[in-house]
Amino acid sequence: MIITDARILENGVLVKKDILIIGGKIKKIAQGIDSDEKIINAEGLIAIPGIIDSHVHFRDFEQKYKEDFFTGSCAAAAGGITSVLDMPNNKPPVLSVDDLNKKRELAKKSVVNYGFYFGTDGNNIPEIKKAKNIAAVKVYMERTTGNLAVENVENVFKNCKRIAVHAEGKNVSKAIELAKKYNNYLYLCHISTKEEIEIIKREKSNKIFAEATPHHLFLKSNNTPFCLMKPELKSAADVKALWDGIDLGIIDTIGSDHAPHAVEEKKSGGCYGIPGVETLLPLLLNAINEKRLTLKKVIQLCCENPVRIFGIKNKGFLKEGYDADIVLVDINRIKEVKNSGLFTKCKWSPFDGMKLRGWPVMTIVNGNVVFDNGKINDIKGKKVVFSR
Ligand code: DOR
Ligand code: ZN
Ligand code: ZN
């Protein structure tokens, strides 16, 4: 197919181009391409690389009542996300190659591309060493959903090269110290405080990366159990430090930490996590309209940096030869986030009622139109390939 008259960002400016897609890849990007392929007229829309969400919990297994790979991925596609990296704190957790293979089977329901983190209890090093094509090993240094908090953290750093951590406060320093000692690549999930930003600012290197979430950037606590999450929502000063951290390049990525729970579970309290794949990009596009971000920055945070950090093959850029993972965005479209219109199985969002300007209207995954103006086409995604 051919996308005509899309505006794409080139050297910081939007230029009108056609994008020819053949065999799921971007074949050519140019002005006025002549082709007999099926035409998608993108007049008035901006084309950006598909969003890569480096942090989702698509549940499934024994928690498929919360979310499964089909519903989670439909929600992702509706939010302009074309690839997700899924966390291992499932029920049961992903601690062995066998567990991971079971998840790979479940993920075949996904309409977006998928990659996985491997879990650890501190003692499953032989299994981790056998695992192939994973984003990183996820180490929980705090207690949260799934009860995977690891006692013997050092053993994991010593034996695994690529690590993602759920660390808060002092544990951020501890994770960085260990990563320096054992020369790890370290991905610090959901950084949420000024103190953490300051630590990372001092320690930043080409092996230490930090993620922020939309909820820590855009949400204020309403003191209901629906706002319960880990890390919890923080003060205005912390939020400001996160925004500064984005501007200064201390924050490398925005991950949704899409962590769905059923409404009844949330109501009864003590249940950490909120859904987020459907609202990540609209919130960022709205922030572009409010001049808090640039489109260039959003593409760096959500497309280019995940590729660089995790070594993802053939994605993150609108370039000839790359996978045709593309989002068409209407930067001026105003729409309210509504629980009733969501694709996530949990059917609620902490952003319900928020009017946002800037929405994805079409999501193309491997050259297939998977989300088209409110409708999902059930065409399956593929595994994400890590090139190392
Ligand atoms: O709020 C959270 N929810 N924080 C986590 O660390 C885990 C996540 C989940 O899986 O529910
Ligand atoms: Zn976490
Ligand atoms: Zn998480």
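As the structure lists them, so they are numbered: ligands from 1, and atoms in each ligand from 1.
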Notebook entry, point to check: Atom CG in Leu242, atom CD1 in Ile254: separation rounded to 0.5 Å?
Noted result: 8.5 Å
Note to self: Distances under 2.8 Å only: what protein N/O/S atoms are near the Zn ion (ligand 3), ordered by chain and residue?
What the structure shows: His55 NE2, His57 NE2, Asp257 OD1
Check: Is the NZ or CZ atom of Lys109 positioned over Phe70's six-membered ring, under 6.0 angstrom from the centre and within 45° of the axis?
Finding: no
Notebook entry, point to check: Which protein non-hydrogen atom lies closest to atom 5 (C) of ligand 1, naming both residue and atom, and how far is it?
Noted result: Thr144 OG1, 3.0 Å
Check: Below 4.0 angstrom, N of the basic side chain to O of the carboxylate: do Glu177 and Lys170 qualify?
Finding: no
Item checked: Asp257 N/O to ligand 1 N/O under 3.5 Å -> no
Check: Using 4.0 Å as the upper bound for N to carboxylate O, is an ion pair formed by Asp325 and Lys382?
Finding: no
Notebook entry, point to check: Does a salt bridge link Lys16 with Glu43, judged by any charged N lying under 4.0 Å from a carboxylate O?
Noted result: yes
Margin query: Between the side chains of Lys66 and Asp68, is the shortest nitrogen-to-carboxylate-oxygen separation below 4.0 Å, so that they form an ion pair?
Written below: no
Notebook entry, point to check: Is it the side chain (CB and beyond), the backbone, both or neither of His261 that lies under 4.0 Å from ligand 1, heavy atoms counted?
Noted result: side chain
Check: Which residue owns the protein heavy atom closest to atom 1 (O) of ligand 1, what's the atom, and how far is it?
Finding: Lys230 N, 2.8 Å
Note to self: What I want to know is whether Gly273 and ligand 1 share at least one N or O pair that is separated by under 3.5 angstrom.
What the structure shows: yes
Taking distance alone, no hydrogens or angles, what donor-acceptor pairs closer than 3.5 Å link side-chain atoms of residues 6-15 to residues at least two apart or in another chain?
unit_1: Glu10; atom_1: OE1; unit_2: Lys17; atom_2: NZ; d: 3.0
unit_1: Glu10; atom_1: OE2; unit_2: Lys17; atom_2: NZ; d: 2.8

Next item on the list: Measure the CG-CD1 distance between Asp252 and Ile200 for me, rounded to the nearest 0.5 Å.
Entry: 9.0 Å
Notebook entry, point to check: Which heavy atom of the protein is the closest neighbour of atom 3 (N) of ligand 1, given with residue, atom name and distance?
Noted result: Tyr272 O, 3.2 Å
Check: Salt bridge check: are Lys102 and Glu105 linked by an N-O gap of less than 4.0 Å?
Finding: no
Check: Is there a side-chain contact between Phe343 and Val277 (heavy atoms, below 4.5 Å)?
Finding: no
Next item on the list: Using a 4.0 Å heavy-atom cut-off, say whether Asn89 meets ligand 1 through its side chain, its backbone, both or neither.
Entry: side chain
Check: Has Arg59 got any heavy atom lying under 4.0 angstrom from an atom of ligand 1?
Finding: yes
Margin query: Any nitrogen or oxygen of His57, side chain or backbone, less than 3.5 Å from one on ligand 1?
Written below: yes
Next item on the list: Give the atoms of ligand 1, by number and element, whose distance to some non-hydrogen atom of Ala259 is under 4.0 Å.
Entry: 3 (N), 8 (C), 9 (C), 11 (O)
Checklist line | Point-to-point distance, once rounded to the nearest 0.5 Å, from CD1 of Ile331 to CD1 of Ile288 | finding: 4.5 Å
Note to self: Test of understanding: given a 4.0 Å heavy-atom threshold, classify the contact between Met229 and ligand 1 as side chain, backbone, both, or neither.
What the structure shows: both
